[in-house]
Protein chains: 2
Amino acid sequence: MHQDLLRRCTYFTDLPDAILTAAASAAQLRRVQGGEFFFHQGDPASHFYVLAEGNARLSQITPEGRQVIMGLIGPSHEIGIIAAIVGAIYPLDLQATQDSMALIWDRATLRTLFESHPVLALRALHMVSGRFVELQDRYRELSTERVERRLARAILRLVAQVGRPASDGVTIAMPLARQDLAELTGTSLFTVSRTLSAWEDAGIVRSGRERVTLCDPGRLTAIAEDLPV
Amino acid sequence: MHQDLLRRCTYFTDLPDAILTAAASAAQLRRVQGGEFFFHQGDPASHFYVLAEGNARLSQITPEGRQVIMGLIGPSHEIGIIAAIVGAIYPLDLQATQDSMALIWDRATLRTLFESHPVLALRALHMVSGRFVELQDRYRELSTERVERRLARAILRLVAQVGRPASDGVTIAMPLARQDLAELTGTSLFTVSRTLSAWEDAGIVRSGRERVTLCDPGRLTAIAEDLPV
DNA sequence: GGCGAGTTTTGCGGTAGGACAAGGTTCGCA
DNA sequence: TGCGAACCTTGTCCTACCGCAAAACTCGCC
């Protein structure tokens, strides 16, 4: 009954119906309230998740208690394929930022699916490799680029991922505090606030409490890519 | 004939001899002179590599031409399992920093091995997941920590990876310029130079042209972990 | 042995952006 | 409708770090 959701995941996309049906019928459901955790950093990696409804935050906590956001995700995003590996632990927290629901598979189920459909193991490798490349790009960004450009890219990514058309542009359909953007881009909430204020004066975005709307994607892309304005 | 090398790779470790033999006999050899590239960022990912001799640098070039080093590797390090995936491209450069030799497998060979020995596909997932977690840690580091501590960690990692005992400590057995350390830790060569000079005055390291020797691992660990001195 | 290219050191400004503080705004909830 | 908590803005100060320049060092090679 969840085949349609799975079809929208990059992990399951374009697979034969037989495999989707097998995967969907082997899945269980897990609901979590906004603010609660699907799992914590350091927990044994027991399940593979596909977010079906809601939004969630992937984050790490530094030993000093500072938080770093590795990703903000919406429906049809896959998380925790590491559960396929014996003895693995989750390397980060997955926290629902709104009431959420996910399809989940435990390790034994996952292994059974891999054995019946070896393509799923290759797909898993494909998915993690893709995430790895994305993270490399973010690493390079953090290493070489200024805050303003990192912030521009983060917002463009979020708009592409969970954007919803609004009267005056495209809104990020997810509660998004200045602090979140700061932890996502490796800066401070003050700098985020100043930058957004400047962009708002320039008519590039409109923003408010936990809300950002992109009005002029062209100008923001110019900032992100250092194109001539 | 290369089973021993493979046994030292985390990818192949603890596998039955039959699998090691199958993998080793399917491998080809590739030699590359110091300074030359095994492959470039953007090339079709055609082969999986295991470095047998020499050293190499994994790096990305930003659109503006700035280099970022994602890793410095030595013998028995595996690179490019992404070659198992149809249509993939290498996300970075692999450049030999000294005359080097690698065992390589092309995609078809890799796929054949995966089919005969499904554990190899799972191991691939395991390996990439592990690298992903390491990169996450470096990302968090870059995002939240000061240069001095990032540099301390980078040196400790290199010592652990390719350290060679020397009269006055442990030397990093690989030519390692200030510029390399800067690109590895996301800082400038000047800051690296200043920091190493300060550490040398304090008796923690000894260093010279493209060479670093760690004399006092305890003190450097204290810097890396922010322990009381 | 000495030239020259590449590497490193160190001094000196300049600045992006971090940290703190104080006040304003938004929103849930009683 | 009004209170309180959470969130946002903006000013001021400050410093870690960058970027440049000039000189010193190292080492391969003729």
Side-chain angles (χ1 to χ4, degrees), chain A residues 33-35 57 62 64-69 97-99 141-152 154-155 171-172 174-202 205-213 223 226, chain B residues 33-35 57 62 64-69 97-99 141-152 154-155 171-172 174-202 205-213 223 226:
Chain A
Q33 294 193 334
R57 178 205 328 259
T62 70
E64 289 84 18
R66 233 180 111 170
Q67 191 170 204
V68 176
I69 297 183
T97 47
Q98 297 178 311
D99 290 357
E141 235 177 83
L142 187 57
S143 176
T144 62
E145 276 153 30
R146 298 277 158 84
V147 167
E148 188 181 28
R149 192 177 301 183
R150 300 205 302 269
L151 191 57
I155 287 176
T171 291
I172 295 171
M174 177 186 291
L176 187 66
R178 301 290 179 270
Q179 179 77 35
D180 293 329
L181 283 169
E183 288 169 359
L184 192 58
T185 53
T187 181
S188 69
L189 84 100
F190 309 105
T191 301
V192 171
S193 178
R194 277 181 237 276
T195 306
L196 286 181
S197 295
W199 287 348
E200 186 143 10
D201 291 347
V205 302
R206 296 193 56 229
S207 72
R209 188 189 174 92
E210 299 192 323
R211 183 183 53 73
V212 176
T213 302
I223 291 169
D226 196 26
Chain B
Q33 293 193 334
R57 179 205 327 260
T62 70
E64 288 84 17
R66 234 181 109 170
Q67 191 171 204
V68 176
I69 298 183
T97 48
Q98 296 178 312
D99 290 356
E141 234 177 84
L142 188 56
S143 176
T144 59
E145 275 153 31
R146 297 277 161 83
V147 167
E148 188 181 28
R149 194 178 302 183
R150 299 204 305 268
L151 191 56
I155 287 176
T171 291
I172 295 171
M174 177 186 291
L176 188 66
R178 301 290 179 268
Q179 180 77 34
D180 293 330
L181 282 169
E183 288 169 358
L184 192 58
T185 53
T187 181
S188 70
L189 86 100
F190 309 105
T191 301
V192 171
S193 178
R194 278 180 240 276
T195 306
L196 286 181
S197 295
W199 287 347
E200 185 144 10
D201 291 347
V205 302
R206 295 194 56 230
S207 73
R209 189 189 174 93
E210 301 191 322
R211 183 184 52 74
V212 176
T213 302
I223 291 169
D226 195 26

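Below, all heavy atoms of this structure are taken into account, side chains as well, without hydrogens, waters or symmetry copies. Sequence lines set the chain letters: A, B, ... in the order given, protein chains first and strands last, and positions in each chain run from 1.
When the P atom of C:dT9 is taken as reference, atom CD of B:Gln179 falls 13 Å away, rounded to whole Å.
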ask   = Which letters describe nucleotides 16-22 of chain C, given B = protein heavy atom under 4.0 Å from base, S = only from sugar-phosphate, - = neither?
value = SSSBBB-

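Side chain of A:Asp99 to backbone of A:Gly34: a donor-acceptor contact under 3.5 angstrom is found. Between the side chain of B:Ser193 and the main chain of B:Leu189, no donor-acceptor pair closer than 3.5 Å is present.
Reading DNA chain D from its 5' end, the first and the last nucleotide to sit under 4.0 Å from a heavy atom of chain A are D:dA6 to D:dT12.
Partners of B:Glu141 under the salt bridge (charged side-chain N to carboxylate O under 4.0 Å, His left out) rule, at least two apart in sequence or in another chain, are B:Arg153, B:Arg157.
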message = Between A:Leu181 and A:Thr195, is the side chain to side chain contact (heavy atoms under 4.5 Å, CB included) condition met? List the steps.
response = CA-CA 11 Å; A:Leu181 283 169; A:Thr195 306; over 6 Å; no

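Shortest non-hydrogen contact noted between A:Gly186 and B:Ser143 is CA-OG, 3.4 Å. Nearest heavy atoms, A:Arg178 versus A:Val212: NH1-CG2, 4.4 Å.
More than 12 heavy atoms of other shown residues, nucleotides or ligands fall within 6.0 angstrom of atom CD in A:Glu64.
Between B:Thr187 and B:Leu151 the shortest side-chain heavy-atom distance does not fall below 4.5 Å.
Residue B:Arg209 is classed as a base contact, given a heavy-atom separation below 4.0 Å to a base.
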